Amino acid sequence: MPGPRLLRGSANETLAAELVEEFNTASDTEAAVRLVLHRAVMETRSDRGVISWIEGSEMVVAGCFDPVGELVPVGSRWPLAGEQVSAVALAEGRPEAGSYSSLGVDVPDPALRDMHSRLTHLLVVPVAVAGEDVAILCVSRRRAEEFTAEDGEVLDLIASAGANALRSAHLSDLLGAALLEVAAGRADAASVERIKTDILRLASHELRTPLTVLNGYLSLLRAGFFGSLSESIDRVMQILERRTAEMNALVNDMLVAARVEDPQAPTEAETLDLRILVRDAADSVAARASDRHILRVELPGEVVPARVDADRILLALRNILDNAVKYSPGGGEVVCSVDAADGWARVRVADHGLGIAPDDREKLFTRFGRVLTSANSHIPGIGLGLYFSREAARRCGGDVALVDGEEDGGSTFELSLPLAH
Ligand code: ADP
């Protein structure tokens, strides 16, 4: 029997690309699991393959592929700690081989015990996306031939290539179930928040890859790599570029919001003059504003020192300024002023736009909290900007609040930060 494919250099990349393409054709979880298992068993010359989701301290079987033997039932649960090889693979983040004779698994079901007894060797690899373990991929043999390091490499490659397809299929299953719960009115506040987190993670990560491809091709087309563009194609290109830019901004918002609520994401604090950030944010928003808008920036003469995560606060300022322009569809003046007093720096952004009804104010700073009225329903957004801005300010010891917002009378938002000494 031939050995596993030698995976070195470009051959490795070619197989990886082939696998990613193959796995991404899966339309649902069952298909994704089947495709990955089939490849895993074939490429490592195994007799059986099992994928299990990791749920806390348990593994839940997602699928089993075994052309001749009995299948491990989908949905059956196994304690992670009780199964040495998987536990080691997870802890080390790499393939781990072992033999069934030395496996410390307590198999209560006699049929399963019998099935296990006919297996000899196993090879396990964690399936991880962005450092998060999602599942375990395990292949087993019935013959007395141990798995080699090369088998481990192949399985690792298959797990990496299938990780995204598996994770997104699984997440959409979980989301589907959770949304049904919401629809049935059984979800509590905590599970609604969890659903929002899942949607954020799913949407931001899964949309980023196709968007990168789209952006790449648009730039190549614009640079003339595929020949010069006729006038009519150029018009279509402009629409595509504008729409893609909107999508980039939305996905970016989701990514930032997903990151801001990640407790492990580091906060980069540095002391700087807040006036520079405000000027930066105002310049980038002014460049995109229509000529019906006037953006006036009022800065104090002295330095306004604050200890902040510059990237996050810059994004927060841009969001607030962007909103001031966006929610003033009739145009008008937007004033952004900065002052420093009593240990606090305050950036106020006042517009003469649509305003916000008092009853709607609670909702503004929540995730996906859009306040839709007949006057603003045509304005694009997903309700993450203010949530992210407040979280970013709070991480730096400050806050964002609506300080004045009459319906039809415009709004004033304030971002406050402690002054640095
Ligand atoms: P998005 O703009 O993507 O909807 P945000 O979180 O930035 O998300 O804003 C949440 C909601 O707050 C918006 O949908 C809008 O209804 C309201 N809003 C925010 N800023 C303003 C503003 N300057 N004037 C009027 N309404 C605003």
Side-chain angles (χ1 to χ4, degrees), residues 192-193 196-197 199-200 203-204 207 211 242-261 278 281-282 284-286 288-290 292-297 312-337 346-395 398-416:
V192 171
E193 285 310 299
K196 288 182 181 176
T197 305
I199 291 177
L200 264 185
S204 54
L207 290 177
L211 209 49
R242 208 175 49 246
R243 291 301 187 179
T244 317
E246 275 172 24
M247 216 140 89
N248 284 332
L250 289 180
V251 171
N252 202 40
D253 270 3
M254 289 195 226
L255 268 176
V256 170
R259 214 174 294 144
V260 86
E261 58 184 15
V278 170
S284 73
V285 172
R288 282 177 284 131
S290 76
R292 283 170 293 130
H293 293 97
I294 301 164
L295 183 53
R296 193 149 56 83
V297 181
R312 286 199 170 108
I313 295 299
L314 184 64
L315 261 173
L317 286 167
R318 271 198 212 138
N319 273 327
I320 297 168
L321 281 162
D322 244 343
N323 280 349
V325 171
K326 198 163 80 165
Y327 294 106
S328 310
E333 191 174 56
V334 172
V335 181
C336 175
S337 56
R346 294 186 182 84
V347 184
R348 285 192 168 209
V349 177
D351 64 59
H352 298 283
L354 299 173
I356 296 156
D359 286 353
D360 295 330
R361 293 186 189 170
E362 277 294 293
K363 203 174 164 192
L364 298 181
F365 294 95
T366 58
R367 286 190 294 184
F368 301 109
R370 296 210 78 201
V371 175
L372 285 180
T373 62
S374 56
N376 72 13
S377 58
H378 65 288
I379 300 175
I382 46 172
L384 286 174
L386 285 178
Y387 162 75
F388 157 71
S389 304
R390 173 177 272 181
E391 289 299 308
R394 287 186 172 173
R395 275 194 170 221
D399 207 352
V400 174
L402 173 69
V403 288
D404 191 11
E406 290 304 311
E407 207 166 354
D408 294 332
S411 326
T412 304
F413 283 87
E414 182 181 274
L415 182 148
S416 53

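We count ligands from 1, going down the list as the structure has it; atoms in each ligand are counted the same way. Keep in mind the model is a prediction, meaning the values are calculated, not measured. No hydrogens, no waters, no symmetry mates; every other heavy atom, side chains included, goes into these values.
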Review point. Do Phe388 and Leu315 come close enough that some side-chain heavy atom pair is under 4.5 Å?
Key: yes
*asked:* Between Tyr327 and Val371, is there a side-chain heavy-atom distance shorter than 4.5 Å?
replied: no
So, does Arg370 use its side chain to make a donor-acceptor pair with the main chain of Ser377 at under 3.5 Å?
no
For Leu384, the ligand 1 atoms with a heavy-atom partner under 4.0 Å come out as 6 (O), 8 (O)
Original post:
Is the CZ atom of Arg243 crowded by more than 12 outside heavy atoms at less than 6.0 Å?
Top reply: no
* Asked: Quick one: does Phe413 get a heavy atom under 4.0 Å from ligand 1?
  -> yes
For atom 23 (N) of ligand 1, the closest protein heavy atom turns out to be Asp351 OD2, 2.9 Å
min-distance protein heavy atom vs atom 21 (C) of ligand 1 -> Tyr327 CD1, 3.5 Å
Of all heavy-atom pairs linking Thr412 and Leu402, the shortest is O-CD1, 3.5 Å
The side chain to side chain contact (heavy atoms under 4.5 Å, CB included) partner of Ser411 among Asp404, Ile356, Val403 is Ile356
Closest heavy-atom pair, Cys336 versus Val278, reported as atoms and distance to 0.1 Å, is SG-CG1, 3.6 Å
Please confirm whether Gly383 comes under 4.0 Å of ligand 1, counting heavy atoms of the residue only.
-> yes
Review point. Under 4.0 angstrom from ligand 1, any heavy atom of Ser328?
Key: no
TODO: Compute the minimum heavy-atom distance from Ile356 to ligand 1 and say whether it is under 4.0 Å.
DONE: yes
| Does the side chain of Arg390 reach to within under 4.5 Å of the side chain of Leu386, using non-hydrogen atoms? | no
| query | Taking the non-hydrogen atoms of Lys326, is any one of them nearer than 4.0 angstrom to ligand 1? | reply | yes
Using distance alone, determine whether Leu386 and ligand 1 share an N or O pair under 3.5 Å. yes
Report task. Using distance alone, determine whether Arg370 and ligand 1 share an N or O pair under 3.5 Å. Result -> yes
Ligand 1 to Gly385, heavy atom cutoff 4.0 Å, flagged ligand atoms 5 (P), 6 (O), 7 (O), 8 (O)
Contact between Val347 and Glu414 at the side-chain level, heavy atoms closer than 4.5 Å - yes or no?
no
Per-atom filter on ligand 1: closer than 4.0 angstrom to a heavy atom of Val371 are 14 (O), 16 (O)
Taking only non-hydrogen atoms of Gly355 and a 4.0 Å limit, the atoms of ligand 1 in range are 25 (C)
Numbered in order shown, the ligand 1 atoms found under 4.0 Å of a heavy atom of Asn376 are 16 (O)
Looking only at heavy atoms, the pair that brings Leu295 and Ala282 closest together is CD2-O, 3.4 Å
Looking at Ala249, Ser411, Gly410, Gly369, the heavy atom closest to atom 24 (N) of ligand 1 belongs to Ser411
Honestly, for Asp360 the part within reach of ligand 1 (heavy atoms, under 4.0 Å) is neither
Ligand 1 atoms nearer than 4.0 angstrom to some heavy atom of Asn323 are 2 (O), 5 (P), 7 (O), 9 (O), 19 (C), 20 (N), 23 (N)
Test item, Leu364 contacting ligand 1 (heavy atom, 4.0 angstrom)
yes
- Query: Within a strict 4.5 Å, meaning less than it, do heavy atoms of the Arg346 and Leu415 side chains meet?
  - Reply: no
